Amino acid sequence: MSKKLLLLHGPNLNLLGTREPEVYGKHTLDDINAIAAAHVRPYHIELRHEQSNHEGALIDILHVARNWADGVVFNPGAYTHTSIALRDAISAVRLPVVEIHLSNVHAREEFRHKSLLAPVCIGQISGFGWRSYLLGLDALLGYLNLLPEPEL
Ligand code: DQA
């Protein structure tokens, strides 16, 4: 059976394309979802995407994903730095989650340096613009053993 992955976008990411393009790039969220879908096409997996501006809604989406998804690529937006509730949800659902950011959060304001979620994720990718999503997907596909092993 083919694997199913969730691309999850947090608050304010619905405004991508117009939101501080010098920080987050010119692509819209629809563009990023389309680029991500094209990227995973060779792997015959099902990729769904969701976005919410609400902490509780993101928690509900993770709870539902527990029953269908094999892993999640998650840009939690500002909740990265504030949300114990989302951290608990990630721990609770026991799904592999890759935390990703368009901008390099470590090169920005100090309040963005700390992620409450990274310790319960399998890893974090930050700073590569829309390519962060593709790197996150590759990380998850590798974790799920869906990428070819290198020949040595
Ligand atoms: C972000 C970084 C966060 O600090 C910020 O609050 C966002 C976007 C990123 O993708 O670079 O909303 O997650």
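The figures that follow rest on heavy atoms only: side chains count, while hydrogens, waters and symmetry mates do not. Atoms within each ligand, like the ligands themselves, are counted from 1 in listed order. It should be emphasised that the depicted structure is a prediction, and the values quoted were computed from it without experimental measurement.
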Residue pair C121 / I90: nearest heavy atoms and the distance that separates them
SG-CD1, 4.3 Å
Minimal heavy-atom distance between F74 and G10, with the atoms involved, is CE1-N, 4.5 Å
Do the side chains of L134 and V40 get nearer than 4.5 Å, heavy atoms only?
no
Looking at R48 and E46, is there a salt bridge between them, counting it only when a charged N and a carboxylate O are closer than 4.0 Å?
yes
Side-chain heavy atoms of L13 within contact of L102, under 4.5 Å:
yes
Per-ligand residue contacts, ligand 1, heavy-atom threshold under 4.0 Å:
R19, Y24, N75, G77, A78, H81, H101, L102, S103, V105, R112
Is any side-chain heavy atom of H101 less than 4.5 Å from a side-chain heavy atom of Q124?
yes
